[in-house]
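Everything below concerns the one structure shown next.
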Amino acid sequence: MSNAMKILVVDDFSTMRRIVKNCLQEIGYTDITEADDGNTALPMLQAGSFDFLITDWNMPGMPGLDLLKAVRADARLGKMPVLMLTAEAKREQIIEAAQAGVSGYVIKPFTAATLKEKIDKILATKAAA
Amino acid sequence: MSKSDLLNARYRAHVAALQGALDAGDDVAFHHAFEQLREGMNVEFMPELRRITASAQEALRKFREETRLDDLAANEVPDARKRLAHVVKLTDEAAHRTLDLVEQSGPIVTQAARDAAELLEAWSAYPHRERVGDSLWPERAHSYLERAVKETEQVRNNLNEMLMAQGFQDLTGQIIRGVISLVGELETMLGQLVRLSNGDETVRALRVLPATAPDLSRGVGPTVPGVNGAPAVSDQDDIDALLKSFGG
């Protein structure tokens with residue numbers, strides 16, 4: 001997938017959305033849309049033509065885990081790469097996300113390098129599949 | 001028996017004994033009669049007193065149970081203090097990190113500006129291009145440009161680091177949000193306590209937050225040392241390994 005990839009960034013804190021957007025722009029991704037909760041993100045995903053989802057977990061309306069499950073359950077969205085970017089770091093949580101079909105998992109605080117590495121890894125896995 | 005008949009029957013003898021002792025100036029007799037009167041009154045009022053005490057105790061017991069008072073006092077409020085202390089630490093670290101980067105970048109940019117100004121001045125001192133060739137200007141300019149390439153990259157990196165340092169706001173925001181929730185519960189609980197102490201024994205049970213363990217599926221926020229229960233996975237390699245063994 002080229003750098004024309006359309007990415008949706010979901011986090012209830014606008015500062016974090018800005019940071020992620022800047023990181024993505026630094027590595028060449030410029031088509032970035034933002035959402036502040038799973039509830040607002042899901043209809044956007046269903047209506048739009050997004051190629052990649054980056055989502056937080058701890059959000060007041062629909063948490064990231066539920067958004068992931070909704071994406072995986074959707075016939076059209078099911079195979080979308082989903083990267084969780086979150087401060088949730090308990091072992092059971094990571095396992096739960098893995099079992100729900102998350103493509104990658106990055107813990108906050110994170111570095112731009114780690115974010116890039118995980119995105120590249122997910123895309124490589126997808127390309128190989 | 002009428003009420004006044006009852007009182008008469010119960011207390012006339014005691015009153016008469018008190019009066020008699022007073023008239024006789026007999027302190028001992030007076031105190032004895034007084035104690036007897038007091039005991040009589042205790043017997044009469046004791047059941048009512050017991051009822052009131054039991055009712056108040058029951059109201060307090062219900063209050064403790066339904067507001068999770070014990071858990072709040074022993075665990076959640078001390079935890080909240082640790083959480084807020086951690087917020088202070090995170091914001092302090094982020095501010096210092098940003099200031100460090102500003103302090104590193106400032107001199108680089110200041111010196112680069114100075115060097116550029118000097119070069120420009122040297123250029124304008126030579127109105128005829130051919131004279132410039134005699135000076136070391138081209139070499140100086142080349143050296144400046146070499147430095148500029150490295151220095152702008154350094155400043156660019158510092159700016160990126162500053163960007164990442166602002167991530168504290170998300171983490172501290174999540175922690176503070178949790179404490180706000182707890183304060184809300186305390187506020188409701190204190191309101192009930194005020195009503196209870198005003199004699200409202202029928203304080204309605206307001207279940208403000210469910211008395212269950214934090215829901216990991218919803219997310220519990222950033223790990224706070226000494227507070228959040230089970231230890232967190234912090235190594236990215238460990239996370240990747242978990243994803244591999246449990247996921248697709």
Side-chain angles (χ1 to χ4, degrees), chain A residues 11-23 25-27 38 56-66 69 72 79 83-115 117-118 121-122 125 129, chain B residues 83 86-87 90-91 93-94 97-98 153 156-178 180-181 213-225 227-248:
Chain A
D11 197 302
D12 52 332
F13 281 89
S14 59
T15 48
M16 184 46 60
R17 295 199 304 267
R18 268 179 90 167
I19 291 170
V20 174
K21 188 169 175 176
N22 271 278
C23 282
Q25 284 168 342
E26 267 298 290
I27 55 182
D56 184 22
W57 185 318
N58 185 11
M59 297 185 287
M62 183 196 286
L65 182 70
D66 293 354
K69 288 178 179 170
R72 289 284 174 256
K79 297 272 183 284
L83 173 67
M84 285 203 89
L85 177 58
T86 171
E88 306 299 325
K90 304 271 187 280
R91 199 164 180 276
E92 310 115 82
Q93 291 175 306
I94 298 166
I95 292 170
E96 205 178 351
Q99 288 170 336
V102 83
S103 317
Y105 200 106
V106 173
I107 295 284
K108 294 171 181 169
F110 64 102
T111 64
T114 304
L115 183 63
E117 192 195 310
K118 290 303 159 225
K121 191 171 168 186
I122 292 169
T125 310
Chain B
R83 285 176 206 270
H86 192 65
V87 164
L90 288 179
T91 50
E93 285 170 357
R97 178 88 186 109
T98 307
E153 187 173 342
R156 178 69 238 179
N157 287 341
N158 288 354
L159 288 173
N160 283 337
E161 291 291 326
M162 274 187 239
L163 172 81
M164 300 312 292
Q166 305 318 300
F168 80 90
Q169 199 272 337
D170 166 41
L171 298 180
T172 55
Q174 290 185 54
I175 295 172
I176 291 171
R177 216 165 44 187
I180 289 174
S181 192
D215 186 355
L216 290 181
S217 297
R218 280 211 65 93
V220 295
T223 306
V224 176
V227 168
N228 285 86
V233 182
S234 53
D235 188 71
Q236 190 63 48
D237 289 334
D238 292 343
I239 293 166
D240 294 341
L242 280 171
L243 286 189
K244 209 163 179 188
S245 44
F246 287 94

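FYI, side chains are in, hydrogens and waters are out, and symmetry mates aren't considered; it's all heavy atoms of this structure. A note on names: the letters A, B, ... follow the listed sequences, proteins ahead of strands, and every chain is numbered from 1.
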query: In terms of heavy-atom pairs under 4.5 Å, which option from A:Ile95, A:Val20, A:Asp12, A:Asp11 contacts chain B the most?
result: A:Ile95
- request: Please look at A:Thr111 and chain B and tell me whether the side chain, the backbone, both or neither of the residue comes under 4.5 angstrom of a heavy atom of that chain.
  value: backbone
task: Of all the heavy-atom pairs spanning A:Phe13 and B:Asp170, show the shortest one and how long it is.
output: CD1-OD1, 3.2 Å
task: For A:Gln93 and B:Leu216, indicate whether the former's side chain and the latter's backbone hold a donor-acceptor pair under 3.5 Å.
output: yes
message: Nearest 0.5 angstrom please: B:Asp215 CG to A:Leu65 CG, how far?
response: 9.5 Å
field: Minimum heavy-atom distance A:Ser103-B:Leu243, with the two atoms named
entry: O-CD1, 4.5 Å
Only pairs under 3.5 Å count here: list side-chain donor-acceptor contacts from residues 56-64 of chain A, not counting sequence neighbours, and write none if there are none.
residue, atom, partner, partner atom, Å
A:Asp56, OD1, A:Lys108, NZ, 3.4
A:Trp57, NE1, B:Ser217, O, 2.8
A:Asn58, ND2, B:Gln174, OE1, 3.1

- prompt: In terms of heavy-atom pairs under 4.5 Å, which option from A:Met16, A:Glu88, A:Arg91 contacts chain B the most?
  reply: A:Glu88
- prompt: Which bit of B:Asp240 comes within less than 4.5 Å of chain A, counting heavy atoms only: side chain, backbone, both or neither?
  reply: side chain
message: Let's test your reading of the structure: which of A:Glu96, A:Arg18, A:Lys118, A:Lys121 forms the most heavy-atom pairs below 4.5 Å with chain B?
response: A:Lys118
- prompt: Is it the backbone or the side chain of B:Leu163 that comes under 4.5 Å from a heavy atom of chain A, or both, or neither?
  reply: both
task: Please report the shortest heavy-atom distance between B:Gln236 and A:Thr114, naming the atom on each side.
output: OE1-CG2, 4.1 Å
